[in-house]
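Some notes on the structure that comes next.
Letters A, B, ... mirror the listed sequences (proteins, then strands); counts begin at 1.
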Number of protein chains: 2
Amino acid sequence: MEDTSQRIVAAATRVFGRAGVSGATTREIAREAKVNEVTLFRYFKTKDDLLREVILHSCRRYEYVFSDAPCETAEDVRHTVEAYAKVYLRKMRDNEEFIRTFFGELTRHLKLCRRLFVESTRLVRRRFIDYLLLAQKRGLIRKDLDITTTADALTGMLMAGILRRPLTDPEYSNTRFSKTCLNLFLKGIEP
Amino acid sequence: MEDTSQRIVAAATRVFGRAGVSGATTREIAREAKVNEVTLFRYFKTKDDLLREVILHSCRRYEYVFSDAPCETAEDVRHTVEAYAKVYLRKMRDNEEFIRTFFGELTRHLKLCRRLFVESTRLVRRRFIDYLLLAQKRGLIRKDLDITTTADALTGMLMAGILRRPLTDPEYSNTRFSKTCLNLFLKGIEP
DNA sequence: CACTCATGCAAGTATGTACTTGCATGGAAG
DNA sequence: CTTCCATGCAAGTACATACTTGCATGAGTG
């Protein structure tokens with residue numbers, strides 16, 4: 001059934017996320033999905049097949065389209081950047097453990113991870129860059145900035161905040177961190 | 001001999017880095033260290049013991065002391081920030097694969113990874129924050145900035161650049177990315 | 001020479017894990 | 001009722017891996 005397959009993929013996503021790729025066992029995934037281990041192998045020939053499916057499925061969750069936003073005033077830019085950051089942060093936080101794990105696996109599963117990280121965010125990244133370019137052309141952003149790396153700098157800051165979350169003290173406020181990132185970024189791009 | 005033990009730790013660092021903790025085998029580590037697998041176990045009772053030693057040893061490499069830098073002009077601040085970024089980047093790049101792997105293992109070996117990531121950079125981070133605080137008091141940095149998260153934003157940007165390196169296109173320039181980060185940051189903290 | 005000590009080597013144990021096979025069952029559809 | 005078909009269950013295979021044991025060797029030291 002379709003349902004069973006989805007349950008297995010969902011369970012695998014969780015188990016891969018918390019145990020790592022080689023650390024995750026098909027037995028545990030099956031248990032988490034509440035199916036027999038044999039059933040798992042009926043749906044997915046090998047563990048790598050399952051991994052592949054997990055990654056491909058996780059891509060889809062990121063397909064967020066950056067809606068056209070006004071770009072007339074500095075205020076517009078601020079709102080758009082903030083909206084972008086908000087979406088990005090939520091998507092990342094939803095898959096926090098999974099993302100962290102696959103960063104670790106990055107060099108080992110380069111192609112798949114490229115799909116996961118790059119292709120899944122390509123659309124929204126592209127739109128964000130285009131927006132910043134437009135804003136730059138209209139004089140709302142410094143002319144001397146390289147926009148591509150500028151956009152990546154923002155996402156980098158936010159991502160780093162998520163990734164290192166388990167390391168921070170309990171009293172360390174992540175919302176304050178995100179605010180500072182936005183604050184720095186918005187001031188940093190001002191003409 | 002001391003030499004043998006060190007060779008094993010060094011080899012383990014490399015193998016853990018490229019294969020992950022559960023992916024790394026004692027056999028491969030031994031081969032990489034050019035010792036018999038039995039010798040490995042004579043020095044380290046278990047694989048986890050070895051992992052522990054690897055992490056503790058890697059901490060030491062980070063013990064960089066931020067030398068006292070002038071803090072009189074905006075130019076001083078720029079130089080200091082750039083110097084900090086440079087050191088940070090080099091340290092990260094030296095241990096790139098290792099760091100990436102252990103980010104993935106973060107939730108699984110929280111205590112050890114906390115040592116690796118947090119404690120090893122605590123000193124230099126503390127000094128950097130103190131420097132920024134001083135600069136802020138002297139009016140060289142905006143008064144409304146929360147300095148702790150500001151410092152972390154910079155390191156976050158730089159770290160993200162390193163971590164996602166294998167994902168970027170060959171023509172993507174990482175030095176340009178780092179430059180943009182510094183550019184944004186320095187403009188972002190201006191009064 | 002005799003002794004120690006670090007290491008190598010061959011072999012083995014115990015366990016875990018990916019993956020298979022064969023059969024039973026139970027519910028849905030014709 | 002019969003026929004599929006998805007799934008469960010028991011058992012097993014093949015292999016890798018962490019870790020052990022016992023012995024040989026060879027270099028350095030008294």
Side-chain angles (χ1 to χ4, degrees), chain A residues 1-58 97-98 101-102 104-105 107-109 111-113, chain B residues 1-58 97-98 101-102 104-105 107-109 111-113:
Chain A
M1 248 151 98
E2 188 64 17
D3 175 53
T4 309
S5 161
Q6 284 176 350
R7 248 184 20 250
I8 294 173
V9 171
T13 306
R14 291 193 295 276
V15 177
F16 277 136
R18 68 169 178 254
V21 172
S22 29
T25 70
T26 51
R27 193 172 307 168
E28 195 183 344
I29 293 172
R31 202 177 53 217
E32 178 111 1
K34 292 190 205 308
V35 295
N36 195 287
E37 198 181 349
V38 182
T39 303
L40 184 153
F41 281 105
R42 286 203 186 96
Y43 279 95
F44 308 94
K45 270 183 84 67
T46 66
K47 188 184 170 186
D48 268 7
D49 264 29
L50 178 55
L51 171 64
R52 200 187 161 69
E53 215 54 46
V54 164
I55 292 188
L56 293 182
H57 181 262
S58 285
E97 255 185 325
F98 187 75
T101 292
F102 277 85
E105 305 282 340
T107 36
R108 271 155 270 155
H109 300 88
K111 278 187 187 170
L112 277 178
C113 289
Chain B
M1 248 150 99
E2 188 65 18
D3 175 54
T4 308
S5 161
Q6 284 175 350
R7 248 183 21 248
I8 294 173
V9 171
T13 305
R14 292 193 295 275
V15 176
F16 278 135
R18 67 167 179 256
V21 172
S22 28
T25 70
T26 51
R27 194 173 307 171
E28 195 183 344
I29 293 171
R31 203 178 51 219
E32 179 112 0
K34 294 191 203 308
V35 295
N36 196 286
E37 198 180 350
V38 182
T39 302
L40 185 153
F41 281 105
R42 280 200 265 256
Y43 279 95
F44 307 95
K45 269 184 85 67
T46 67
K47 187 183 170 185
D48 267 8
D49 263 28
L50 179 55
L51 171 64
R52 199 186 162 69
E53 214 54 45
V54 163
I55 292 188
L56 292 183
H57 180 262
S58 284
E97 256 185 325
F98 186 75
T101 292
F102 277 84
E105 305 282 340
T107 37
R108 270 156 270 153
H109 300 88
K111 277 188 188 172
L112 275 180
C113 289

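Spacing between atom CZ of B:Phe44 and atom P of C:dT7 amounts to 11 Å, rounded to whole angstrom units. Nucleotide C:dC19 holds its P atom 18 Å from the OH atom of A:Tyr43, rounded to whole Å. Distance, A:Asn36 CG to C:dG26 P: 16 Å, rounded to whole Å. As a whole-Å value, the separation of A:Arg31 CZ from C:dG16 P is 13 Å. Computed from coordinates, the A:Glu28 CD to C:dT17 C1' distance equals 13 Å when rounded to whole Å. In this structure, B:Lys34 atom NZ and C:dC9 atom C1' are separated by 18 Å, rounded to whole Å. A:Ile8 has its CD1 atom 13 Å from the P atom of D:dA6, to the nearest Å. With rounding to whole Å, B:Leu40 atom CG is found 15 Å from C:dC9 atom C1'.
Residues passing the side-chain hydrogen bond (donor to acceptor under 3.5 Å, both in side chains) test with A:Arg27: none are found, sequence neighbours excluded. Shown here are the side-chain hydrogen bond (donor to acceptor under 3.5 Å, both in side chains) partners of A:Thr26, two or more places apart in sequence or in another chain: A:Glu37. Under the rule for a side chain to side chain contact (heavy atoms under 4.5 Å, CB included), the partners of A:Ser22 that lie at least two apart in sequence or sit in another chain are B:Ser22. The side chain to side chain contact (heavy atoms under 4.5 Å, CB included) check on B:Arg52 picks up B:Leu56, B:Leu112, with sequence neighbours excluded. Applying the salt bridge (Lys or Arg N to Asp or Glu O under 4.0 Å) test to B:Arg7 and every residue at least two apart in sequence or in another chain returns B:Asp3. Qualifying side-chain hydrogen bond (donor to acceptor under 3.5 Å, both in side chains) partners for A:Glu32, counting only residues two or more places apart in sequence or in other chains: A:Arg14, A:Arg18. For B:Ala33, the side chain to side chain contact (heavy atoms under 4.5 Å, CB included) partners at least two apart in sequence or on another chain are B:Ile8, B:Ala11, B:Val35. For A:Phe102, the ring-ring contact (aromatic ring centres under 6.0 Å, His included) test picks out A:Phe98, with sequence neighbours left out.
Put simply, B:Thr4 has a side-chain N or O that comes within less than 4.0 Å of OP1 or OP2 on C:dT7.
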query: In the 5'-to-3' direction, what one-character label does each nucleotide of nucleotides 14-21 of chain D receive under the scheme B = base within less than 4.0 Å of a protein heavy atom, S = sugar-phosphate only, - = no such atom?
result: ---BSBBB
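With rounding to the nearest 0.5 Å, the separation of NZ in A:Lys45 from CG in A:Leu40 is 13.5 Å. To the nearest 0.5 angstrom, A:Phe16 atom CZ is 10.5 Å from A:Thr101 atom OG1.
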List, with names and distances, any nitrogen or oxygen atoms from the protein found under 3.5 Å away from nitrogen or oxygen atoms belonging to nucleotides 24-29 of chain D.
none

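Proximity of a side-chain donor or acceptor of A:Lys47 to a complementary backbone N or O of A:Phe41 within less than 3.5 Å is not detected.
Axis orientation changes by 0° from one end of the helix from C:dC1-D:dG30 to C:dG30-D:dC1 to the other, with each end axis drawn from 5 pairs and the value rounded to 10°.
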